[in-house]
Asker: 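One structure follows; several queries about it will come next.
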There are 2 protein chains.
Amino acid sequence: MDVTGHTNSDSRSGSAREPRRAASIRDVARAAGVSYQTVSRVINGHPNVREETRHRVEAAIQSLGFRRNPTAFALASGVTRSLTVLTSNTTLHGYAATLQGVEEAARAAGYALGVKVLTPEDDLDRTMSSAAAEGGGLLVIGFDPLGAAALERAPADVPCAAVVEAPPPGRTPPRPAVWADDREAARAATAYLLELGHRTVHYLAIPTSVGARRPEGPRAQGWRAALESAGITPPDPHGGTGWDAQVGYDEGRRLAEDPEITAILCGNDDLALGVLRALHHAGRAVPGDVSVVGFDDAPHSAFLTPALTTVRMDFQGLGRDAFALLHGQLESGHLPPEPTFAGTDLIVRESSGPVGG
Amino acid sequence: MDVTGHTNSDSRSGSAREPRRAASIRDVARAAGVSYQTVSRVINGHPNVREETRHRVEAAIQSLGFRRNPTAFALASGVTRSLTVLTSNTTLHGYAATLQGVEEAARAAGYALGVKVLTPEDDLDRTMSSAAAEGGGLLVIGFDPLGAAALERAPADVPCAAVVEAPPPGRTPPRPAVWADDREAARAATAYLLELGHRTVHYLAIPTSVGARRPEGPRAQGWRAALESAGITPPDPHGGTGWDAQVGYDEGRRLAEDPEITAILCGNDDLALGVLRALHHAGRAVPGDVSVVGFDDAPHSAFLTPALTTVRMDFQGLGRDAFALLHGQLESGHLPPEPTFAGTDLIVRESSGPVGG
DNA sequence: CTGAAAGCGCTTACAG
DNA sequence: CTGAAAGCGCTTACAG
């Protein structure tokens, strides 16, 4: 079966109709019998306007269906109630959920949201400066090397905030940023597996924001720390080449060949999904033979069979808080609130259990 | 475990630094020893500029790091190389993939992308007119009643395109739109199940764009048509209340109780995931006792156990084509190409098979 | 081929 | 409390 798609380019209702000019403040002024400056005062909630004048203007605004032109406002005032989020991805769970959080907060604050996707092909400096030229603020999702590089290159004179992986202890991101404690979460997840009786835990890594310069992201560091503090020499981490289930499956096939391996911590739930599938193909039971723990708590993870044990991350909260950080820079006097996002949480489901259980 | 998140509001590198004004065309003109109109001609690739003058101006642009202010350009020219996509969701597979397709096409064309999320709480007319006031075009994702309503209310004088569910035969959407043939795809998927020997096929519906006025979306219609043309009276469809796995699970529990049911077509893969889980809990084997077919081919569906039989939809292609439709309206002379997006495809995997097989 | 003028729709001082 | 002026950074005719 191959069903062809359809299109309807009927332009009767398209661009044919005469684009009647929208009402401007001068139109409103004329209708209300005032100068256009007064209209400006009214729409900006300026105090010094006589009650009756204000009413006349408001009536004219209503009847003409006037809406202030955001472009003209931005040009004249230098204020842009908008932000553009820079991200290398919009569909992976962590990115999409973060974006969703940013969007909610932006909408609540009356900000328009722009999205610019970062690609290795595009010149980063051009991308950054064109994003900056749009006015408004920059919000970068710095979960990967591309995002981290973008954050590094954000022009110093433009308001910018970020959500990032947990930075190394004692270091801070180049710009105001929020993060969840990936490191501690990975440590705790690993410790949980150890307590179950597993002699060691293998780690299947996601690519991280630190890239090739230093292949150990915070999740890997937390995993390593847990093993070391239990006196266990960490095995070499696996993966690091991609985020999706296919990578998890490929790595999982290799992992499945080693009967000594009884516990695998995955850098995200997609990787874990692939590992589950590989283990199944190899005839190894989960959690009977091997325990699998994911990261992020993607929407489908609770419905897998076995349901996936994973670390829940509040990406939406991170997105909201990053917006608050940016909002504070954009509107002086609007102080960023204390971050209220919840932490991380280990959600124990069915894919993990006692060794040999 | 509950690990608290962190924030870094260090503003040293934030808004403290003096926001040095960016170079304007007047600055460039002064540096090049020409009038600023000439600079305008150069940056707009106007032909009538002497070779040497052009070089001088370009050199000045380089050395000053000049970039044209998009806001001023938009205000003066009335042209906005931007569009805003209106959607009720950004994370569900179909929406996210469509958005991704739009983004790719927009980026390739040099358009800035805005996103406005539609909610039942916000006043639709206000939302629409504020989106329209931003300038540029509107691209609405009309998979649900909210999106469909937005498309209906798009101001007639603003360029607009949409991606929608397949409209009823003979009817066309209110504005130029693209769609895949959901109806035919559902018919084919149902026919496939019937050929396997199932005596009937049950349908678990997604909410559709037609909403309550007419509860039968194109996928349901295709399913119904397939049954009827095989001389089978369609059972009542189930679901219709939500898109996610939880809904699928709840409905699945009910479906699992009826031993007569051997084949279930689901309106999307998330619903199917929930059904799979419910069937497992009820002790019914897939595909041994019950065949399950999904819709959309979400990224994780191929890695489930059993891997999900589903209908692949080219949402990215739909997004790209919808952009082309809008692009054609925004830039006269830029004719929308023939839609090239692939159709739908039934992907047979492990969750479906012969009845009693 | 190039410059001087007017204007896009708004705001921000400055007068009264 | 309200109006007249200048300007945000660009473009589009209009002159030369």
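A note on names: the letters A, B, ... follow the listed sequences, proteins ahead of strands, and every chain is numbered from 1.
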Asker: From the set dG3(D), dC10(C), dC14(D), return the single nucleotide nearest to any side-chain atom of Arg41(B).
Answerer: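 Nearest to the side chain of Arg41(B) among the choices is dC14(D).
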
Asker: Got Leu146(B) and Pro120(B) here, is their nearest side-chain heavy-atom distance under 4.5 Å?
Answerer: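 Yes; the side chains approach each other to less than 4.5 Å.
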
Asker: Quickly work out the Ile43(B) CD1 to dT12(D) P distance and round it to whole Å.
Answerer: 11 Å

Asker: Check every atom of dT2(D), dG9(C), dT11(D) against the side chain of Arg26(A) and return the nucleotide holding the closest atom.
Answerer: dG9(C)

Asker: Do you see a donor-acceptor pair shorter than 3.5 Å between the side chains of Asp122(B) and Thr127(B)?
Answerer: no

Asker: Would you say Leu330(A) and Tyr111(A) make side-chain contact, with heavy atoms under 4.5 Å?
Answerer: yes

Asker: How close or far is atom C1' of dG9(C) from atom CD1 of Ile25(A), stated in whole angstroms?
Answerer: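 One finds 6 Å between C1' of dG9(C) and CD1 of Ile25(A), rounded.
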
Asker: How would you label the contact of Thr53(B) with the nucleic acid (heavy atoms, under 4.0 Å): base, sugar-phosphate, or nothing?
Answerer: sugar-phosphate

Asker: Side chain of Leu75(A) only, heavy atoms from C-beta on: which candidate in dA6(C), dG9(D), dA4(C) is closest?
Answerer: dG9(D)

Asker: Considering non-hydrogen atoms only, spot the tightest contact between Met128(A) and Ala154(A) and give its length.
Answerer: CE-CA, 3.6 Å

Asker: What is the base-pairing partner of dT2(D), counting Watson-Crick and G-U wobble geometry with both distances under 3.5 Å?
Answerer: dA15(C)

Asker: Out of dA6(D), dC1(C), dT12(D), which nucleotide sits closest to the side chain of Ser40(B)?
Answerer: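 The answer is dT12(D), which lies nearest to the side chain.
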
Asker: OH of Tyr36(B) versus P of dA6(C): gap in Å, rounded?
Answerer: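 Result: 11 Å.
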
Asker: Check whether any side-chain nitrogen or oxygen of Arg50(B) sits under 4.0 Å from OP1 or OP2 of dT2(C), and answer yes or no.
Answerer: yes

Asker: Nearest whole angstrom, please: distance from the P of dC10(D) to the NE2 of His46(B).
Answerer: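 Computing the His46(B):NE2 to dC10(D):P distance gives 17 Å.
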
Asker: Start at the 5' end of DNA chain C and walk down; is the nucleotide closest to Ala23(A) or to Val49(B) reached first?
Answerer: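 Checking each residue's closest nucleotide, the 5'-ward one belongs to Val49(B).
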
Asker: CG of Asn44(B) versus C1' of dG9(D): gap in Å, rounded?
Answerer: 13 Å

Asker: Send over the distance from Asn48(B) CG to dA13(D) P, rounded to a whole Å.
Answerer: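 The answer, rounded to whole Å, is 15 Å.
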
Asker: Closest to the Ser35(B) side chain: dT2(C), dG7(C), dG3(C)?
Answerer: dG3(C)

Asker: DNA chain C: Arg67(A) or Glu51(B), which has the more 5' nearest nucleotide?
Answerer: Glu51(B)

Asker: Between atom CG in Asn69(A) and atom C1' in dG7(C), what is the gap in whole Å?
Answerer: 14 Å

Asker: Side chain of Ala72(A) only, heavy atoms from C-beta on: which candidate in dG9(C), dG3(D), dC10(D) is closest?
Answerer: dG9(C)

Asker: Are Val178(B) and Leu325(B) close enough that some pair of their side-chain heavy atoms sits under 4.5 Å apart?
Answerer: yes

Asker: With a 4.0 Å limit, can you tell me whether Thr38(A) has a side-chain N or O closer than that to the phosphate oxygens OP1/OP2 of dG3(D)?
Answerer: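 Yes.
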
Asker: Atom CD of Gln37(B) to atom P of dT2(C): distance rounded to whole Å?
Answerer: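 Roughly 12 Å, once rounded to whole Å.
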
